[in-house]
2 protein chains.
Amino acid sequence: MTTIEDVARLAGLSRTTVSRVINNHPYVSKGKKKQVLDAMDKLGYVPNSAARSLRNQRTGVIAVLIPRVMNPFFSQLIEILETAASEKDYQLIICQTQYSKKKELAYLNLLKTRQVDGVILTSMANEWKTIAPFLEYGPIILCNEYDEQASVPMVFIDQFEAGYSATKHLIEQGHERIAYCCGKYTSNVADAREEGFKKALAEANLPFLEEYAFRSAFQSADGKQVFYDIQEMIEKPTAIFTGSDELAAGIISEAKKKGWRIPEDLAVVGFDNQMITELMDPMITTIHQPLEEMGSKAIAVILEKIHTKNYSHKEIHQFYMNLIVRESTVARKLVSL
Amino acid sequence: MTTIEDVARLAGLSRTTVSRVINNHPYVSKGKKKQVLDAMDKLGYVPNSAARSLRNQRTGVIAVLIPRVMNPFFSQLIEILETAASEKDYQLIICQTQYSKKKELAYLNLLKTRQVDGVILTSMANEWKTIAPFLEYGPIILCNEYDEQASVPMVFIDQFEAGYSATKHLIEQGHERIAYCCGKYTSNVADAREEGFKKALAEANLPFLEEYAFRSAFQSADGKQVFYDIQEMIEKPTAIFTGSDELAAGIISEAKKKGWRIPEDLAVVGFDNQMITELMDPMITTIHQPLEEMGSKAIAVILEKIHTKNYSHKEIHQFYMNLIVRESTVARKLVSL
DNA sequence: CTGAAAGCGCTAACAC
DNA sequence: GTGTTAGCGCTTTCAG
């Protein structure tokens, strides 16, 4: 392993001067700078990052805690965060919590061990008061999550509005029996959606029926089950609002296999505007989130926190979504193209 | 920040003893061990990982180089690798190369800077001879990729057989004009598939037609374009072998929109057995890879390399895939359930 | 069984 | 402009 010492020796200069060149400090004469650069080049020298971290008390790494990488929504978020971070010369380390409180805490420990400069939580398994103590060791921000209690920056979309506008759209199509189907993992997120859903119903004087509420559906496989449950009902809903596109796709796919027509027999709204919404037949009406903007904002915000070292400060960065109407809610001939 | 020194002071012992407790060394008396543990507990002490890395010359981190996180195949692979690594107390850092040679090299530098103990390449943008020099700094293995030249462990499936069996299946359905559609990014992978494809054709005395070969299609959007190209042909293929399920889904979705019947007008084979194969209508015939096994093997192999420090040694760990026949190649009533 | 001391590779006062 | 030196927090000889 070649060290700064080797470079200094070969260049006939001190470690300090070499260090100054590495870090682009001023006050190094042109000639010596070149000597250093040449020596570094000849030796193929690269600074040891553990030594730098130890010395500088910073790592250049940010941890992103994510429930599951395979969830397309989250993998898209990772991609965006990674791109934004790498522009700022920060590495991301991806940590899968699998919705486990224990794993989440284990990964928050990265902050304590100084393995990372900050943590981005994209979902919260623990309560805020359990997480708060980690703020002593570095910044934590929420991206795609909201918590009333949390005293940190939060980047998220208005889930209430999302639930509201999707439901309103269904009501405008003449539906009166509308089911609600949304996983409860991102706790507060799901709650806000449900509030929006309820508000739209209330405005139209429609009742919220508990038997039409499915609150533990996450993936496409769960969508299948939801469809079976609906199929068993005496008085079936004619439309359903779902918390993710895969869920919607699962319901649609299974419904079609059983001979249901979409949207005539069941109108379905997805969430996230993933690729699959345009591949399915019918194409899925969904909610589009401005993920790119959210991702860039999240990185900008956490870097700012890292630099200012003021971690405990509530900040709201709210974004707006929009409804994209496709065939799964509006009979094909009526879709505006 | 609380250090080992603080713990030692509070426990009334030396740093050495504390270190011994942390690292579970023998020869620490029960009483003193308890004193140390109590002090650590009281201070909420956690060892600084940069200091440990510097001292131990190991980081406990492995880099996974991946073209794009959003590609469901790769995100599935990440999930599996992450799970396997975390069982062994290793962190994964996910690096998106975006198929760029430059980015790939930049990330290989993590090995030089000692930020990671090893690198898993899931795809190669550069030639092996460009990558080889990095072996001086730590182990590199290929997972899901193969290279004749590479002198390192390689974990992959028999892509030749995959291409062969999928094509043979199409031929058995009576097809004589079969198109080939596979992105070329994972260079050797695609080549092997193509060889298998050609062999199956040759065995059936069918010609390989260059105009039926699409070699730069990756995502579902590319699938659309491929379909348009096919639509323009005078003599259209009646079946198509594709390199990914999204590609297949893109083709099917677009074909249906133009009124084609699948598989009657065009039979389609996907690759990877992703979720989407069962959501589409028709469900997609595809190739299933034993990804779990590959991922576990990859982690086991790289950990072994990290420990033995013998990096330059070719090892073949080949896995077998199997064809899953669904509706996109066999008319619905004939699918065996 | 326990501790003193050296040093992993790097950077930043501080002197000159 | 440049060099000397003192650590960052940890582990590991080596000596007792």
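Please read these numbers as outputs of a predicted model, since none were measured by experiment. Each chain gets a letter, A, B and so on, in the order the sequences are listed, and its residues count up from 1. The figures that follow rest on heavy atoms only: side chains count, while hydrogens, waters and symmetry mates do not.
Sorted by first and then second residue, the pairs that involve residues 292-311 of chain B and meet side-chain hydrogen bond (donor to acceptor under 3.5 Å, both in side chains), not counting sequence neighbours, are B/K305-B/E315. Under the salt bridge (charged side-chain N to carboxylate O under 4.0 Å, His left out) criterion, the residue pairs touching residues 113-132 of chain B are B/E127-B/K129, with sequence neighbours excluded. Listed by first and then second residue, the side-chain hydrogen bond (donor to acceptor under 3.5 Å, both in side chains) pairs that reach into residues 33-44 of chain B are B/K34-B/D38, sequence neighbours excluded.
A/R9 approaches A/D6 most closely through the heavy-atom pair NH2-OD1, 2.9 Å. Residue B/S86 comes nearest to A/K103 through the heavy atom pair OG-NZ, 3.6 Å, listed as atom of the first residue, atom of the second, then distance. Of all heavy-atom pairs spanning B/Y146 and B/M154, the tightest one is CD1-SD, 3.6 Å.
Under the side-chain hydrogen bond (donor to acceptor under 3.5 Å, both in side chains) criterion, A/E82 pairs with B/Q96, B/Y107, sequence neighbours left out. Every residue two or more places apart in sequence or in another chain was checked for a ring pair (Phe, Tyr, Trp, His ring centres under 6.0 Å) with B/Y90, and none qualifies. For B/A298, the side-chain contact (heavy atoms from CB on, under 4.5 Å) partners two or more places apart in sequence, or in a different chain, are B/L81, B/I141, B/C143, B/V155.
With hydrogens and angles ignored, the 3.5 Å screen pairs no side-chain donor or acceptor of B/S19 with any backbone N or O of B/R15. Remark: side-chain polar atoms of A/N56 are not paired, donor with acceptor, to backbone N or O of A/R58 under 3.5 angstrom.
Side chains of A/S312 and A/S151: a donor-acceptor N/O pair is present below 3.5 angstrom, by distance only. A/T17 and A/S14 form a side-chain donor-acceptor contact under 3.5 Å, judged by distance and modelled atom types alone.
When side chains are defined from C-beta on, B/I22 counts as touching B/R52, because their heavy atoms get closer than 4.5 Å. Counting heavy atoms from C-beta on, the side chains of A/T113 and A/Y137 never come closer than 4.5 Å.
Atom NE2 of B/H313 has 12 or fewer neighbouring heavy atoms from other residues, nucleotides or ligands inside a 6.0 Å radius. By the 6.0 Å contact criterion, NZ on A/K314 is enclosed, its count of non-hydrogen atoms from other residues, nucleotides or ligands being greater than 12.
Contacts between chain B and DNA chain C, taken as any atom within less than 4.0 angstrom of a protein heavy atom, begin and end at C/dC1 to C/dG9. Here chain A contacts DNA chain D (any atom closer than 4.0 Å to a heavy atom, that is under 4.0 Å), and the contacts span D/dG1 to D/dG9 from 5' to 3'.
Using five terminal pairs a side, the axes of the helix from C/dC1-D/dG16 to C/dC16-D/dG1 at its two ends make an angle of 40°, given in steps of 10 degrees.
Looking at residues 20-32 of chain A, you'll see A/R20, A/Y27, A/V28, A/S29, A/K32 sit with a heavy atom under 4.0 Å from some atom of DNA chain D. At a non-hydrogen distance threshold of 4.0 Å, B/L54, B/R55, B/Q57 from residues 51-61 of chain B come into contact with DNA chain C. Residues of residues 35-49 of chain A having a heavy atom closer than 4.0 Å to DNA chain D: none are found.
Looking at heavy-atom distances under 4.0 Å, B/T17 makes contact with sugar-phosphate atoms alone, never a base.
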